[in-house]
K.L.:
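Structure provided below as structure tokens; questions to follow.
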Protein chains: 2
Amino acid sequence: MNKSNLYKGCLEPILLKLLKENGRMYGYEITQKVKELTAGELKITEGALYPLLHRLEAEGILEVEMENLGNRVRKYYSLTASGKKEQARSMIELESFKNTLQLIFNPKLA
Amino acid sequence: MNKSNLYKGCLEPILLKLLKENGRMYGYEITQKVKELTAGELKITEGALYPLLHRLEAEGILEVEMENLGNRVRKYYSLTASGKKEQARSMIELESFKNTLQLIFNPKLA
DNA sequence: ACAGATACATAAAATACTTATGTATCGATT
DNA sequence: AATCGATACATAAGTATTTTATGTATCTGT
């Protein structure tokens, strides 16, 4: 995902957040959106993204709609009802993660 | 390290930070300190910690002093000069990580 | 006609951690 | 004196996530 190890484990929450914000997105669009949002700091690799999309679809968290562009196919993903719950849970987990890091890295502020 | 995947990649920065704050620490002490600081939220496992300590020592980032407690041995680790640089670098990386996540999860505030 | 962008996909390797297990000492309790 | 939980080290197998590399194919602008 990136030069820094820190982003490991963040791809799923990022993906869920983007789908929540944007309704439906396709893979390539997601990679571009993240690059844009982070001014190039974070680059989602396709090798990480596509398998994740497939897994989350298999788990019923995402659903797919195929769309034809002339001769190409585009696969739009969106959150299912279960996916929306999972997204909310994921955000709570992220909050907790941030708070925990605060406790270690900014003990004065705690 | 924890139930959440998010902490992956954080162990090294946490360790370096603790050693910076406390001068020198031994493995078991580190696991207890993290548990204490985070009120039990984050538990460093020994299976993750000890190999990391060994690796960082091999890389010249940490140095060890053995200490005898009666019949037991305790291994105190501290940052080398190179380790101090690495610690500083690691904190900058963590800041950048936090800022990048902001851009994705709190786009309004950016 | 070609290069670079768009758009999907997978497989092997690397990485980082979890889980399980092992050894051994120490202190407190029964 | 025996047992248990805490202290203190260590490693190995398994799992999960991501990187790197590779592949296919279309579209767009030059």
Side-chain angles (χ1 to χ4, degrees), chain A residues 1-16 24-36 40-59 61-62 64-77 90 93-94 97 100, chain B residues 1-16 24-36 40-59 61-62 64-77 90 93-94 97 100:
Chain A
M1 195 168 174
N2 201 270
K3 60 238 158 185
S4 168
N5 286 335
L6 292 167
Y7 294 96
K8 284 187 194 219
C10 289
L11 180 54
E12 187 172 330
I14 289 172
L15 171 62
L16 296 178
R24 51 177 234 155
M25 300 180 84
Y26 56 96
Y28 186 75
E29 184 186 11
I30 292 163
T31 66
Q32 299 308 299
K33 187 71 181 176
V34 169
K35 212 195 290 180
E36 178 204 317
E41 245 297 300
L42 182 54
K43 282 167 188 146
I44 303 290
T45 63
E46 294 172 305
L49 180 60
Y50 288 114
L52 176 60
L53 289 170
H54 300 161
R55 197 198 87 211
L56 293 177
E57 188 198 345
E59 290 174 357
I61 288 169
L62 301 184
V64 189
E65 287 172 284
M66 307 291 247
E67 211 142 297
N68 284 57
L69 310 158
N71 237 328
R72 274 197 281 187
V73 182
R74 196 181 266 174
K75 293 174 79 175
Y76 278 97
Y77 289 88
S90 162
E93 195 171 287
L94 187 71
F97 167 66
T100 301
Chain B
M1 195 165 175
N2 200 271
K3 60 238 158 185
S4 168
N5 283 336
L6 291 167
Y7 294 96
K8 283 192 195 210
C10 290
L11 180 53
E12 187 172 330
I14 289 173
L15 172 61
L16 297 178
R24 52 177 232 155
M25 301 180 83
Y26 56 96
Y28 187 74
E29 185 186 11
I30 292 162
T31 66
Q32 299 308 299
K33 188 70 181 175
V34 170
K35 213 196 289 182
E36 180 204 318
E41 245 296 300
L42 183 53
K43 282 169 188 144
I44 304 289
T45 63
E46 295 172 304
L49 181 60
Y50 288 114
L52 176 61
L53 289 170
H54 301 160
R55 198 198 84 210
L56 293 177
E57 189 199 345
E59 289 173 359
I61 288 169
L62 301 183
V64 189
E65 287 172 285
M66 307 289 250
E67 211 142 297
N68 283 57
L69 312 159
N71 237 327
R72 273 195 281 186
V73 182
R74 197 180 263 174
K75 293 174 79 174
Y76 278 96
Y77 289 89
S90 161
E93 194 171 287
L94 187 70
F97 168 66
T100 301

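Only heavy atoms go into these numbers, but all of them, side chains included; no hydrogens, no water, no symmetry mates. The structure presented is a predicted model; accordingly, all values stated were derived computationally and were not measured.
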K.L.:
Could you pull out all residues at least two apart from B:Thr100 that satisfy side-chain hydrogen bond (donor to acceptor under 3.5 Å, both in side chains)?
P.N.:
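Only A:Tyr7 meet the side-chain hydrogen bond (donor to acceptor under 3.5 Å, both in side chains) criterion with B:Thr100.
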K.L.:
Among all residues two or more places apart in sequence or in another chain, which pass the side chain to side chain contact (heavy atoms under 4.5 Å, CB included) test with A:Lys33?
P.N.:
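If we apply the side chain to side chain contact (heavy atoms under 4.5 Å, CB included) test to A:Lys33, skipping adjacent residues, the hits are A:Leu18, A:Asn22, A:Met25, A:Glu36, A:Leu37.
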K.L.:
Measure CZ/A:Arg74 against P/C:dA5 and give the value in whole Å, please.
P.N.:
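To the nearest whole Å, that distance equals 17 Å.
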K.L.:
Considering residues at least two apart in sequence or located in another chain, which fulfil the side-chain hydrogen bond (donor to acceptor under 3.5 Å, both in side chains) criterion with B:Glu65?
P.N.:
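With neighbours one apart ignored, the set is B:Arg24.
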K.L.:
Roughly how far, to the nearest 0.5 Å, is the CD1 atom of A:Ile14 from the CD1 atom of A:Ile30?
P.N.:
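The CD1 atom of A:Ile14 is 11.0 Å from CD1 of A:Ile30, to the nearest 0.5 Å.
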K.L.:
How close or far is atom P of D:dT18 from atom CG of A:Leu42, stated in whole angstroms?
P.N.:
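Taking CG of A:Leu42 and P of D:dT18, I get 11 Å after rounding.
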K.L.:
Between atom CD in A:Glu59 and atom C1' in D:dA16, what is the gap in whole Å?
P.N.:
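So the CD-C1' distance, A:Glu59 to D:dA16, works out to 12 Å.
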K.L.:
Could you check which of C:dT6, D:dA8, C:dA9 has an atom nearest any side-chain atom of B:Tyr28?
P.N.:
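Out of C:dT6, D:dA8, C:dA9, the nucleotide with an atom closest to B:Tyr28's side chain is D:dA8.
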K.L.:
Whole angstrom is fine here: how far is it from CG in B:Leu56 over to P in C:dA16?
P.N.:
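The distance from CG of B:Leu56 to P of C:dA16 comes to 11 Å, rounded to the nearest Å.
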K.L.:
Does A:His54 put a side-chain nitrogen or oxygen below 4.0 Å from OP1 or OP2 of C:dT10?
P.N.:
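True: A:His54 side-chain N/O within range (under 4.0 Å) of C:dT10 OP1/OP2.
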K.L.:
Residues from residues 44-52 of chain B sitting under 4.0 Å of DNA chain C, heavy atoms only?
P.N.:
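Output list: B:Thr45, B:Gly47, B:Ala48.
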K.L.:
Checking A:Ser4 now: which residues fulfil side-chain hydrogen bond (donor to acceptor under 3.5 Å, both in side chains) with it, not counting sequence neighbours?
P.N.:
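For A:Ser4 the side-chain hydrogen bond (donor to acceptor under 3.5 Å, both in side chains) partners, ignoring immediate neighbours, are B:Glu93.
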K.L.:
Quick one: list whatever passes side-chain hydrogen bond (donor to acceptor under 3.5 Å, both in side chains) with B:Tyr26, sequence neighbours left out.
P.N.:
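side-chain hydrogen bond (donor to acceptor under 3.5 Å, both in side chains) list for B:Tyr26, sorted by chain: B:Arg74.
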K.L.:
Nearest nucleotide by nearest heavy atom, which residue falls closer to the 5' end of DNA chain C, A:Glu29 or A:Asn5?
P.N.:
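It is A:Glu29, whose closest nucleotide lies nearer the 5' terminus.
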K.L.:
Which listed nucleotide (C:dA16, D:dA8, C:dC8) is nearest to the side chain of A:Lys8?
P.N.:
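Looking only at heavy atoms from C-beta outward on A:Lys8, the closest nucleotide is C:dA16.
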K.L.:
C:dT25 C1' sits how many Å from B:Lys75 NZ, rounded?
P.N.:
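Atom-to-atom, B:Lys75 to C:dT25, this comes out as 17 Å.
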K.L.:
In chain order, what residues pass the ring-ring contact (aromatic ring centres under 6.0 Å, His included) check against A:Tyr28, with sequence neighbours excluded?
P.N.:
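A:Tyr28 satisfies ring-ring contact (aromatic ring centres under 6.0 Å, His included) with no residue once adjacent residues are dropped.
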K.L.:
Give the rounded distance in Å between these two atoms: CD of A:Gln32 and P of C:dG4.
P.N.:
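That distance rounds to 16 Å.
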K.L.:
Measuring from A:Asn5:CG to B:Ser90:OG, what's the distance to the nearest 0.5 Å?
P.N.:
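A:Asn5 CG to B:Ser90 OG: 10.5 Å, rounded to 0.5 Å.
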K.L.:
Starting from P on D:dA8, measure out to CD1 on B:Ile30 and report it in whole angstrom.
P.N.:
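B:Ile30 atom CD1 is separated from D:dA8 atom P by 12 Å.
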K.L.:
Taking only distance into account, with no hydrogens and no angle test, what donor-acceptor pairs under 3.5 Å do side-chain atoms of residues 41-57 of chain A form with protein atoms, sequence neighbours excluded?
P.N.:
residue	atom	partner	partner atom	Å
A:Glu41	OE1	B:Ser96	OG	3.4
A:Glu41	OE2	A:Lys3	NZ	3.3
A:His54	ND1	A:Tyr50	O	3.4
A:Arg55	NE	A:Glu59	OE2	3.1
A:Arg55	NH2	A:Glu12	OE1	2.7

K.L.:
Quick one: A:Glu12 CD to D:dA16 P, roughly how many Å, whole number?
P.N.:
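Going from CD in A:Glu12 over to P in D:dA16 covers 13 Å.
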K.L.:
Enumerate all atom pairs, one protein N or O and one N or O from nucleotides 26-30 of chain D, separated by less than 3.5 Å.
P.N.:
residue	atom	partner	partner atom	Å
D:dC27	OP1	A:Asn71	N	2.8
D:dC27	O4'	A:Arg72	NH2	3.4

